[in-house]
Amino acid sequence: MDGFIATGLIGISLGAQYALLALGFTLIFGILGVINFAHGGFYVLGGYLAYAAGHYLGISYPLAVLAATFGTAALGYLFELLVLERVVDDQLTTLMLTLGLYLMMSTGILVVFGPQAPDFKFPVSGVLRGGGLYMPIENLIVLGVCLAAIVFVYLLVYRSGLGRALRALAEDRQVAAAQGLRPKLLFPLAFALATGLAGLTGALVTPVLSLAPYLGDPALATSFLIVILGGLGSVGGATAAAFIVGMVEAYSAVYLGGSKGALALFVLVLIMLVVRPSGLFGRESRGA
Amino acid sequence: MSRVRLSMILSVVAGTAVAANPALADCQLKLGVVGVLSGPAAQWGIALRGAAEYVAAEANKGESIKIDGQPCRVTVVSIDSKYTAEGAAAAANNMAAQGIKFILGPIGSPELTGIKPIAVRNFMLVMSDSYAKDAIGQQWPLVFHQGPGPSGWAGPIIKFAKEKFGMKSVLLVAPNDQGGTDIASVDRVAYEKNNISATEEYYQRGTTNFAPIITRIMNAKPDAVDLASSPPGDAGIMVKQLRQAGFEGPIGRLGGPGYEEIARVAGGNEVLKDFYWYEPVFIDENVQGIAEDYKTLMHADRPENNLFFQWVSATRMVVKAIAKAGTVDDTKKVAEALRSLPVEDPNIGQGRWIGQEFFGINQELSFPFGVGFVVKGQLQPTLRVEAATGK
């Protein structure tokens, strides 16, 4: 029984990390209609910015995480404003541009920091134990920050003027623009919010696991899997799907093994694509 | 002076220079490095590339390769094979198109599987480092092995580890592809020969969070865990998460070397606690001399991973064979020369050709190797083991 509960805790922990990662990915698609192939790159960049801020500038870890969040958000803002904005309605071009950005980011990180994992540790160690269960304190902190960030994103999207404006643009861009909303002002902000979330996740999670230039690929793959399951562009769907993926990954790996566990996840997504192609909370097509 | 006259003079000067040293202008030996240079196993490929570049510089400095009495310039072409069969195949095709006849690497078993058909088609001589069960064989006479796989060294290491830690059961963890299964299954047999019950557990390559796998391992309650050929980055995370989960037993790593990175990712020797691993070369003062010479010659520190030293000895053997054969094109002739060379290295010492028993062909270099230990969080002096024989 302890093992079953411990696995559930791992699933929740994984789900929270995945949710934070996937929220940005689905936000960009929902609002801009862009599939951001550079999302994994922003995750890795967040980790490296936090590492560099702490290692080279000597600033504390919490400040380094903030620096990474704002750094990746700033890069996302500039990229949308200067590169994506002009072609934002052309899905193929935006896909190629974001893929190109990802290749530039991962190669740049490789050149600057090298391929080996740097010494980037979470500042708090120790494990809480009790009743046959355990939880590393670092995981608990990351879980708390992830959940707080998810709540923040929800409040921002559903309870603020900016969120209302972004949702209006996602719903019907032409009508929203006719109402006075300015996509050219709001799109870069939405992109920055999404890349900032990816950067925040990277800065939080990589010191708990490890930091290396290649980690963008699995981050992107996980984000894709989650938003397909949850429905492209759906914030609620991505969150629910992230926790489902976390749970399925944890329980299947523990009870079926590493190989069959990975297979179980893909089978789940495949079934979802057949039964409900638009995902758990997705719409048939974007309104914008 | 008119422009035409100046051009004529320059042409004559250039022509004279080439005529004075025609071999330097014509003779080029390109060594192809097919190695993993990105991802969690990048350390191994960086060690290979560093060794190839070092030996090339050494050969150029000493003009050790001469064709028809004239020195031949050695250069290195490296391509990232990404630890995949298709990556290695693409790299080999690229090298074949460049006319490269000698390949150092690859390192992973899937990579070697991918490279062999291309190497056979193009008569390339391959000095590989895969631990695949079919890494070399009679059907691939131009494929050599730069050092034994676990069949050559797992047994003695397990014997030492059992003496030190007294484990009776072990769970082997590795990626679920040929780079994992071929090593873990050979390791398992070696454990069982030492009367230690062993089970295998595999994970999807690319996994970044091993917490669920760790829970599964903890449920199995093994005395020891062996990370086999899991890349150093993955192995470091697993060690850390095993200790967080409360695993107190020894952790082994009977796969490629990577102690430094594993310790760094895991959080240091105190987290490794009780740990044992395979060191491909026993590093004494003589071997350390390579590192110092590397610094002088290459103006940089040698690559961190100790696979570097093994690659230096293997690359030197290939270069010696090319020099002995007196050709940079005829790989069959070079292979014959390589087989006939005594296995010795100025820094690493004496070794031997092995592989007949396990692979059916004696094309595996075997030098003395080391067994590394961390006991109760303290790094121990590496144990020296004589070169594996007859395996």
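Sequence lines set the chain letters: A, B, ... in the order given, protein chains first and strands last, and positions in each chain run from 1. Just so it is clear, the values below take in all heavy atoms, side chains as well, and ignore hydrogens, waters and symmetry mates.
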key: Atom group of A:V254 that falls short of 4.5 Å from chain B, counting heavy atoms   = both

ask   = For atom CD of B:Q378, is the number of surrounding heavy atoms from other residues, nucleotides or ligands below 6.0 Å larger than 12?
value = no

request  = Output the distance between atom CZ (A:F122) and atom NZ (B:K240), rounded to the nearest 0.5 Å.
outcome  = 9.0 Å

key: Region of A:L265 in contact with chain B, defined by heavy-atom distances below 4.5 Å   = neither

remark   = Here the gap from B:T215 atom OG1 to A:Y251 atom OH, rounded to the nearest 0.5 Å, amounts to 10.0 Å

Contact class of A:A262 relative to chain B, heavy atoms under 4.5 angstrom = side chain

request  = Could you list which of residues 14-24 of chain A have a heavy atom closer than 4.5 Å to any heavy atom of chain B, in residue-number order?
outcome  = A:L14, A:Q17

ask   = Contact part of B:E261 toward chain A, heavy-atom cut-off under 4.5 Å: side chain, backbone, both or neither?
value = side chain

ask   = How about B:K133: does its NZ atom have over 12 heavy atoms from other parts shown lying under 6.0 Å from it?
value = yes

ask   = Can you say whether B:R205 sits under 4.5 Å from chain A via the side chain, the backbone, both, or neither, judging by heavy atoms?
value = neither

task = Output the option from B:A211, B:A42, B:G236 having the highest count of non-hydrogen pairs under 4.5 Å with chain A.
result = B:A211

ask   = For B:N219, is it the side chain, the backbone, both, or neither that has a heavy atom closer than 4.5 Å to a heavy atom of chain A?
value = side chain

A:M96, CE: over 12 other non-hydrogen atoms inside 6.0 angstrom = no

ask   = chain A contacts: which residues in residues 302-309 of chain B have a non-hydrogen atom closer than 4.5 Å to it?
value = B:E304

inquiry  = For the CG atom of A:L110 and the CG atom of B:L37, what is their distance to the nearest 0.5 Å?
reply    = 9.0 Å

task = Measure the spacing between OG1 of B:T208 and CG of A:D217 and express it to the nearest 0.5 Å.
result = 11.5 Å

task = Dump the intermediate steps for side chain to side chain contact (heavy atoms under 4.5 Å, CB included) on B:S38 and A:Y214, then the final yes or no.
result = CA-CA 7 Å; B:S38 58; A:Y214 62 88; 5.7 Å; no

query = Does B:R264 reach the main-chain N or O of A:P118 with its side chain, forming a donor-acceptor pair under 3.5 Å?
reply = no

inquiry  = Can you give me the closest heavy-atom contact between B:I213 and A:G258, atom names plus distance?
reply    = CD1-CA, 3.4 Å

Portion of A:L215 that has a non-hydrogen atom of chain B nearer than 4.5 angstrom = side chain

remark   = Looking only at A:I10, A:V127, A:T7, the option with the highest number of non-hydrogen pairs under 4.5 Å against chain B is A:I10

key: chain B contact via A:P218 - which portion, at a heavy-atom distance below 4.5 Å   = side chain

message = If I take atom OH from residue A:Y134 and atom CE from residue B:M218, how far apart are they, to the nearest 0.5 angstrom?
response = 7.0 Å

inquiry  = Which heavy atom of A:L209 sits nearest to which heavy atom of B:V265, and what is that distance?
reply    = O-CG1, 4.2 Å

request  = Can you measure from CD (A:E138) to CD (B:Q244) and round to the nearest 0.5 angstrom?
outcome  = 5.0 Å

